[in-house]
There are 4 protein chains.
Amino acid sequence: MFHGVIPPLCTPLTEDGEVDTASLERLTGFLLDAGVHGLFVGGSTGEVAQLTDDDRDTALRTVVATAAGQVPVLAGAIDTGTRRVLRHARRAQALGADAVVVTAPFYVGVGEAEVRAHYETLHAALELPVVAYDIPANVGYKLPPALVGELAQAKVIAAVKDSSGDLEGFQKALDGAAGSGAACLTGSETLADLAMARGADGIVPGLGNVDPHGYVRLYDAARAGDFAAAREEQRRLAALFGIIAVADPGRVGRISAALGAFKAALAARGVIAHARTQDPLLPLTPDEARRVAALVESAGLTRVA
Amino acid sequence: MFHGVIPPLCTPLTEDGEVDTASLERLTGFLLDAGVHGLFVGGSTGEVAQLTDDDRDTALRTVVATAAGQVPVLAGAIDTGTRRVLRHARRAQALGADAVVVTAPFYVGVGEAEVRAHYETLHAALELPVVAYDIPANVGYKLPPALVGELAQAKVIAAVKDSSGDLEGFQKALDGAAGSGAACLTGSETLADLAMARGADGIVPGLGNVDPHGYVRLYDAARAGDFAAAREEQRRLAALFGIIAVADPGRVGRISAALGAFKAALAARGVIAHARTQDPLLPLTPDEARRVAALVESAGLTRVA
Amino acid sequence: MFHGVIPPLCTPLTEDGEVDTASLERLTGFLLDAGVHGLFVGGSTGEVAQLTDDDRDTALRTVVATAAGQVPVLAGAIDTGTRRVLRHARRAQALGADAVVVTAPFYVGVGEAEVRAHYETLHAALELPVVAYDIPANVGYKLPPALVGELAQAKVIAAVKDSSGDLEGFQKALDGAAGSGAACLTGSETLADLAMARGADGIVPGLGNVDPHGYVRLYDAARAGDFAAAREEQRRLAALFGIIAVADPGRVGRISAALGAFKAALAARGVIAHARTQDPLLPLTPDEARRVAALVESAGLTRVA
Amino acid sequence: MFHGVIPPLCTPLTEDGEVDTASLERLTGFLLDAGVHGLFVGGSTGEVAQLTDDDRDTALRTVVATAAGQVPVLAGAIDTGTRRVLRHARRAQALGADAVVVTAPFYVGVGEAEVRAHYETLHAALELPVVAYDIPANVGYKLPPALVGELAQAKVIAAVKDSSGDLEGFQKALDGAAGSGAACLTGSETLADLAMARGADGIVPGLGNVDPHGYVRLYDAARAGDFAAAREEQRRLAALFGIIAVADPGRVGRISAALGAFKAALAARGVIAHARTQDPLLPLTPDEARRVAALVESAGLTRVA
């Protein structure tokens with residue numbers, strides 16, 4: 001179930017900040033048309049931390065309906081403690097998700113024993129497979145590679161999504177999970193070819209919202225053993241990833257800059273109606289949005305609608 | 001409204017992990033009898049990060065009913081994004097809270113502009129006063145003292161609770177809030193006398209669950225200008241605070257160690273029925289709980305029931 | 001030997017970056033006239049990290065000669081490894097220092113066992129008393145309070161200088177060193193009154209270069225038990241400490257800003273001839289230096305020559 | 001000058017802690033026989049932070065004499081401030097080094113402007129080329145990729161050695177230095193094949209002391225475009241790198257563990273006489289050293305003498 005390009009979908013919003021289901025349907029169709037292998041709803045890129053529970057449900061319901069079983073739909077169940085995550089996971093299960101994606105507990109200072117208990121409790125209580133989501137920049141905790149390997153071998157987790165940016169740790173997770181059947185997915189936008197060379201099963205790139213065709217080409221090239229072609233595609237995508245550095249870092253934080261750029265690019269390509277992000281994230285300025293659009297165009301990407 | 005000793009209440013649980021309302025009523029009565037000046041429900045010490053929304057409501061409803069207007073009840077509205085916090089805050093408002101306590105957004109990498117927008121949006125949307133909660137160890141972000149001062153002067157926040165452990169920052173918050181009417185509360189268990197000497201309006205100590213009488217004596221002494229007496233009380237409380245270091249750090253994380261110790265001490269004093277903490281936090285071992293009980297006794301604290 | 005106000009002397013430089021011994025003699029005399037209880041040469045404030053070994057020797061020789069035994073002279077022996085520190089310490093011993101001040105090893109990732117070995121080796125090899133210097137912002141390692149207590153009880157260290165800014169840790173060091181005879185000195189410019197209230201033996205404030213009389217008054221008041229007077233003096237000094245925030249943080253790092261401000265203030269008071277700092281530190285701009293001078297004047301400080 | 005495998009030499013010591021020049025000559029010959037392309041003396045792996053200036057000189061003199069011009073010799077000039085580094089660099093120049101390797105200033109909190117000034121001052125004062133050494137774990141500061149690119153384009157630095165473990169940053173340095181003629185060297189033991197795939201000019205692996213033949217094979221394969229062979233070699237070397245995790249992390253810090261393991265392995269292979277590390281680093285226990293030797297043997301490495 002867990003392989004290939006699995007973009008973490010942006011959640012398009014109306015000007016009032018409600019989930020823009022029409023735009024989300026278009027985005028889902030755009031990604032499916034590009035040949036992605038799965039869809040991840042309610043991740044960090046999907047502004048899960050900013051969405052209410054109702055908005056999370058609306059987004060998931062929309063994507064599940066649009067995907068209509070063509071590819072698996074993974075749902076983020078992102079919250080601070082086990083019972084809170086369990087509630088989200090059960091809602092996702094009821095709405096038709098094929099798997100849930102779960103970080104270590106956050107806001108509290110946990111140790112390895114609590115993290116292990118967290119995943120074991122969730123695995124025991126859920127019917128859906130659980131994907132461990134390693135994103136230390138957000139969680140303030142790096143999943144120990146040895147623990148990932150242990151949970152994989154015990155079938156507690158069915159996959160790991162590594163957004164740590166640390167290829168050494170990713171290699172250790174690969175080593176630890178070897179033979180377990182658990183998949184190893186990289187969240188890196190810019191080292192995806194290298195992660196594939198090391199044996200990654202798939203890629204979960206936020207930038208895949210903007211250029212899914214590019215990541216599908218990269219994945220296909222790497223799967224075929226043509227790492228030179230994968231690297232060329234990666235080079236082009238890395239340049240495009242420069243859109244996240246357009247916003248003035250003196251004005252907004254790094255997440256506003258990144259998610260604002262993804263949405264500005266999707267609006268420029270005609271996929272979504274508005275580039276609004278959810279409170280308290282701040283949008284790009286009109287001038288910044290124009291610079292993003294210019295980078296999108298110079299990467300050879302056209303309007304799709 | 002914001003002065004004196006305002007303990008962040010533990011949330012007692014049954015053996016099954018449900019909110020133990022009978023124990024919570026006893027804890028509330030115990031604190032009121034000790035003369036505390038306010039009650040803070042749904043803070044980090046209250047395991048807000050581990051409680052479901054329903055459990056948060058049950059805890060708040062129980063405390064509001066037991067307090068019956070004798071002292072103000074502050075409710076944590078702790079979540080990752082503005083709209084999520086707003087939902088919690090409105091539920092707290094409906095359940096009778098007198099104020100809401102709100103951290104900076106977390107899980108996402110925000111900058112100062114997003115934090116300012118967060119508090120301004122909440123202030124504009126709510127009728128209750130907003131208390132800014134500075135707890136960088138949990139949030140991964142230190143509220144800039146200058147921003148705290150600015151928000152206080154603009155009446156966006158009515159108080160700040162500083163759990164950063166950084167007295168230099170607390171002093172800057174005091175300076176920034178001077179003349180605004182906003183209260184400055186320290187979350188420190190062990191530097192409370194010094195914070196009072198610098199002009200703190202109140203104390204929000206997790207250890208105040210276990211020994212509320214001690215913190216009330218410390219506060220009264222400091223208010224009366226008797227800092228030598230405040231220091232003596234602080235010295236005794238600092239020794240008692242050693243209970244958070246009883247659990248084996250190789251076995252559990254720091255929050256399990258601290259909250260497990262508070263609950264073990266409350267159980268030893270007969271205030272609550274069980275020392276269970278909420279998933280994924282792990283309880284103390286029976287031996288560790290016995291050592292906590294011994295420290296409680298050697299601090300001169302007796303069973304209350 | 002280790003009590004009272006012990007300023008960490010700035011190292012005045014000529015326009016060419018050589019040690020300006022005439023200015024250093026004036027600075028030493030200025031501090032002695034103010035009634036300081038010791039002199040600390042070759043600390044972080046003395047730009048030890050930027051000075052060559054010869055320059056360190058020149059500075060120490062100058063201060064020892066000028067002090068002429070009136071007060072103890074402490075010499076920094078600041079370097080990355082044990083044998084390098086030992087060389088510095090022996091030179092300081094030969095030049096007449098009364099004690100050496102030593103951080104944990106840095107540049108390398110050490111653990112507690114290596115830090116213990118470091119101090120034990122130095123103590124065994126030296127005749128001078130060793131002062132442990134806890135400055136985690138520079139060293140990247142916080143001396144564990146329990147280790148400080150252990151080294152104090154074993155007479156391996158004769159004092160600890162705490163520049164961590166963490167009063168909770170300082171309290172633990174005080175507790176650990178109690179009864180050992182080892183002195184506890186705070187390096188805080190702005191919490192000195194509180195550290196004294198907790199039992200500090202002395203103060204090592206960089207700002208004491210600029211206003212030694214103020215810190216002597218603060219110390220005397222605290223020693224006499226008049227903490228209200230100490231706090232008033234501290235309040236004035238904390239305002240003066242604003243000089244370290246004058247330089248544009250977009251232009252220079254925090255150490256250039258702080259040391260540049262101390263030197264600009266000393267030049268404004270007529271104590272030293274030039275405000276130059278050592279490579280690669282960058283000086284304040286003329287406009288910034290004027291603003292420092294204005295703050296110095298508004299703190300009631302006059303030219304001394 | 002800067003390409004291929006350039007091991008950062010361990011500094012063998014006698015039982016008394018003096019530089020063991022006979023062992024160092026053997027180590028140098030062993031590396032040259034393996035076909036390395038350069039030698040780096042006085043790096044972190046060479047215990048530069050623990051060696052006195054005289055010991056640094058002895059090590060450099062020994063290697064320069066043994067290499068006898070067969071390959072370039074790079075010398076670390078590692079210290080906290082510009083003038084201190086300049087002294088080391090001039091000594092290295094006098095002793096016959098072909099280049100100096102320099103980190104950002106450390107122990108002090110510098111900003112980008114001070115780092116730029118540091119390298120510019122050194123470049124202007126020296127005849128030898130300067131290699132920028134990016135090792136944030138030791139220095140506490142990550143060289144900004146944009147600054148690396150700028151210094152490369154301005155010919156201020158002739159190469160960069162990246163020991164940050166961050167391949168995204170390495171890619172940015174490659175992009176920034178493109179066309180400047182400056183070389184980009186990776187310090188990674190375990191991602192060397194990937195760094196080569198991205199365009200690295202060379203590898204500076206501490207583990208290259210133990211298995212120089214392996215890294216030369218990896219480099220040759222990558223240069224020939226045979227990344228599958230490079231990856232196989234990397235896989236074997238990564239397993240061998242497990243020797244740095246043999247020492248008990250509860251007993252010693254990470255540098256004692258790593259450097260102790262390198263020396264234990266070199267002793268097991270008969271290259272050096274003693275596995276002693278320099279104060280305050282602590283050696284492996286005899287049992288740990290035996291386990292290192294077993295890993296060395298299982299990696300197919302034999303005794304060379």
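Below, read A as the first sequence line, B as the second, and so on, with proteins coming before strands; counting in each chain starts at 1.
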**Request:** Give a yes or no on whether a salt bridge exists between C:E112 and C:R116, defined as a side-chain N under 4.0 angstrom from a carboxylate O.
**Result:** yes
**Contact origin within B:Q171 toward chain C - heavy atom pairs under 4.5 Å** = neither
**Prompt:** Does a salt bridge link B:R251 with B:E288, judged by any charged N lying under 4.0 Å from a carboxylate O?
**Reply:** yes
**Complete:** Note: vs chain C, highest number of non-hydrogen pairs under 4.5 angstrom among B:L167, B:D166, B:L191 is B:L191
**Asked** Would C:K263 and C:E47 pass as an ion pair if we require N to O under 4.0 Å?
**Response** yes
**Asked** Taking NZ, NE, NH1 and NH2 as the nitrogens, is one of them in B:K142 or B:D134 under 4.0 Å from a carboxylate oxygen of the other?
**Response** yes
**Request:** Check each atom of B:R198 against the heavy atoms of chain C and say whether the ones under 4.5 Å are side chain, backbone, both or neither.
**Result:** both
